[in-house]
Number of protein chains: 2
Amino acid sequence: MKIVTNVPEELLKSNADEATPGSASLIAYAETTEDVSRFLKEAYENNTKVITIGSHTGLAGATYPQDGEAFLSLELMNQIIELDEETLTLTVEAGVTLNQIREYLSTTPYFYAPDPGAKDATVGGNASTNAGGMRAIKYGVTRDNIRGMEVVLADGQILTVGSKNRKDASGYALKDLFIGAEGTLGVITKLQLEIRPVLAYELSLLIGFDDLNNLAPVIFEILRAPISPVALELLDESSVKHAEVYTQTKMTNQAGRSFLLLTVNSNNQEGLQLELENLEQVIQASGALSTRILNAQEAKAVWHIRDNILNGIYAASTTKMYDPVVPVNRTPELLIKSKELGEQLGVETAFFGHAGDGNLHICILKFDMDDDQWKTVLATYTDKMNQLVASMEGLPSAEHGIGLEKKPYVKYFFDEGYIAVLRKIKLALDPKAILNPDRIFDL
Amino acid sequence: MKIVTNVPEELLKSNADEATPGSASLIAYAETTEDVSRFLKEAYENNTKVITIGSHTGLAGATYPQDGEAFLSLELMNQIIELDEETLTLTVEAGVTLNQIREYLSTTPYFYAPDPGAKDATVGGNASTNAGGMRAIKYGVTRDNIRGMEVVLADGQILTVGSKNRKDASGYALKDLFIGAEGTLGVITKLQLEIRPVLAYELSLLIGFDDLNNLAPVIFEILRAPISPVALELLDESSVKHAEVYTQTKMTNQAGRSFLLLTVNSNNQEGLQLELENLEQVIQASGALSTRILNAQEAKAVWHIRDNILNGIYAASTTKMYDPVVPVNRTPELLIKSKELGEQLGVETAFFGHAGDGNLHICILKFDMDDDQWKTVLATYTDKMNQLVASMEGLPSAEHGIGLEKKPYVKYFFDEGYIAVLRKIKLALDPKAILNPDRIFDL
């Protein structure tokens, strides 16, 4: 294990906001689970605070060092260990990236379902934030696609949680406790991922809207329909505009300013067509302005727009992105009220994301606003938007985590009694609080 | 809240084995969450040990009182609170039974997917053991069908965990921690259950075998096929025999001594037929003796046999039932080796259950064996079967829980370091260990 004190500069910055660079004492590059165990054991004895880092793609500031913490990097633990076709599992080290998995599985008839935006993210990082992505509506989030993990605790103890078994009523759900814990309870070193047979055909339906109020009944009908969409994405007017500029392409010519993009997949091509035709009728009757089953070329073009929304927004302006979730029936309300909030504050907003899960990405764009005003607008928007989401019984994070960035707003969602329970669990597993301390909640 | 000291006699017995009746000091019938909170607060202050009880259908002895514990019954908390069609959730009190839910939803287009055997079980009990059932292969186990819960901690603190939101990256997975904890971490008082639109059509395929070794490739092909079975059940020769005697009906006339019963469901009737016909060809090529797509009458008859296997076994003899799980590719090996173990010990075994999940129910039948011999056989079989499952990287319980009954065998599956972690979590949330103490593991 190599340990160096010159920590790469980009690790000292937060992806979550423009905080001034922090400081870290060193970075240790673990090559094995035993490296991790030894390093933590020593850190535990010396009360050294440790931040675990993968590809540094986190968006909630959970790995932003503030206090001279030590970095433990898992990027060298990047081996694919076993493809087990008989149990449909892929066992990997935690530093393996989504790109690596995709490439590895491309020569097999299988795929790994979770599809978060950052393909260079490590699966260990994905597990730590319970990352979501576009296919969650059909296949669940990262949590639902992990069968087992190896975890190292703060004192160096190596623990196996979960297994290749498909059912488990044998004690506490430790696996689920470490997933989404943002590195505060243990360091994930290996994962057994669930893989699935690739389906042969995909078909997409584009649904246009003028009035966002009409989104609600349409989403409702889609979720109740006897289909299981693999994606149900929202693209609002502003998002489409920025993606069009960025890609130098045009959305397909279809009535509407905002869109829902729905994709279904199956091995039965005619069945898919029939399903979407039936759904089209239901959707037209429930208030959509336009619907269109896309041919292969159109689908590729529209998905290219969807996939480049965030690139487009980032290219257009300094931006702050949020990832709240609300109960799915309140998605349009979240959209409309968050847009109004932007208008009140005089800032452009763009909305896109996972309408079928109640999980919208909200972006506010600075453009040429002066820095002081932006700072004020940012603080006000963040606070009010979180209060809005809380009033709708939503959650501050659907897929990026709380980290340091969202910690000030957690109080709108959870009372002190709830946080006290989190704290008890944290201190039960990490009594000296050396692992990513003060992320998610204060100790 | 009514509190009485004459505890119903059946609650003093274990469903898991023939242990002598235990003792309990009292039973409190909570009518509200506040009742539960007040009762626990007082129990906590007085160091009173508390066993939470629903319908007393548990099969692992988790609610078997040994030590003069107090019972906290939730059977009066049996109200269905809210059907929310827009988020597809049903909110219920923990004492509501599966039968009640089924009846309530029968007048709606929705159903609750988990389908454990005991329909008079409460959903609170189902959540506490993470109950499984036949539809888990498609819809997951109880854990996967609970969005949120209200839980009361040992000291009376009322906690809301999870929510109606479909995604959550906002802190630790507390909901998952309480599910499957067998009442040792808190008392579940309310649940938000996920409900689903009913699908219109079901079609079943019966697959016959002479040689159980041929099961493996067939299960493998089914799990890799582009279908999503709603059930994939095993019926072995002995199970079929006992069910036939009990129901006074005959299995459909089809070659084979053991069978796999596969059911698919969809709103597309022709699609189902086509899917099963394609699958039939694959299955025939991979070693099944016979296959047959059942007509409605045949399907009803075969499912009637399946649904009465356990009744048949119980009617035939004093019986011990196990619920182990192994990685799904090792299901046939578990079956064959467990059968051999029975033969070595001179005891009849019957096998049925959830072949698609690697979760077999293994029964050993006493018949006219004398009591002392039965005691020895039972102890030996239980010990060796658990060692066998552990050697196959399985788990002692797939859906009934550990309770008191399986606690002696936990050592074959988890080392002391793992148990120490469970203990830390238990004591973090219940420092006086008043809730179901010494269930799952020793304190």
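Computed over heavy atoms, backbone and side chain alike; hydrogens, waters and symmetry mates excluded. Letters A, B, ... are given to chains in the order of the sequence lines, protein chains preceding strands, and every chain is numbered from 1.
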Sidechain-backbone polar pair: B/Ser170 side chain, A/Ser397 backbone, donor-acceptor under 3.5 Å: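 Looks like yes, one N/O pair under 3.5 Å.
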
Is it the case that the side chain of A/Gln157 and the backbone of B/Gly417 share a donor-acceptor pair, with hydrogens and angles ignored and the cut-off at 3.5 Å?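 Judged by distance alone, yes, a pair lies under 3.5 Å.
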
Quick check for you: to the nearest 0.5 Å, what is the distance between A/Lys164 atom NZ and B/Asn329 atom CG?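 Answer for the NZ-CG pair, A/Lys164 versus B/Asn329, is 7.5 Å.
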
If you look at every heavy atom in [X] and [Y], which pair is closest and at what distance?
X: B/Ala169; Y: A/Glu182; result: O-OE2, 4.1 Å
X: B/Ile440; Y: A/Gly171; result: CG2-CA, 4.0 Å
X: B/Pro197; Y: A/Leu223; result: CG-O, 4.4 Å

Contact part of [X] toward chain A, heavy-atom cut-off under 4.5 Å: side chain, backbone, both or neither?
X: B/Ile419; value: neither
X: B/Lys426; value: both
X: B/Phe413; value: neither
X: B/Leu159; value: side chain
X: B/Leu395; value: both
X: B/Glu85; value: both
X: B/Thr129; value: backbone

Close side-chain approach of B/Leu88 and A/Val328, heavy atoms under 4.5 Å: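 Contact flag for B/Leu88/A/Val328 side chains = no.
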
Contact between A/Ile425 and B/Leu177 at the side-chain level, heavy atoms closer than 4.5 Å - yes or no?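 With C-beta onward as the side chain, the pair touches.
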
Can you list the residues that meet the ring-ring contact (aromatic ring centres under 6.0 Å, His included) rule with B/Phe178, with sequence neighbours excluded?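 Applying ring-ring contact (aromatic ring centres under 6.0 Å, His included) to B/Phe178 gives none.
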
Pick whichever of B/Val326, B/Val410, B/Leu185 has the most heavy-atom pairs under 4.5 Å with chain A.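 Highest number of pairs under 4.5 Å: B/Leu185.
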
Testing A/Val325, A/Asp357, A/Asn359 one by one against B/Asn165 for a side chain to side chain contact (heavy atoms under 4.5 Å, CB included), which residue passes?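 Filter result, single survivor: A/Val325.
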
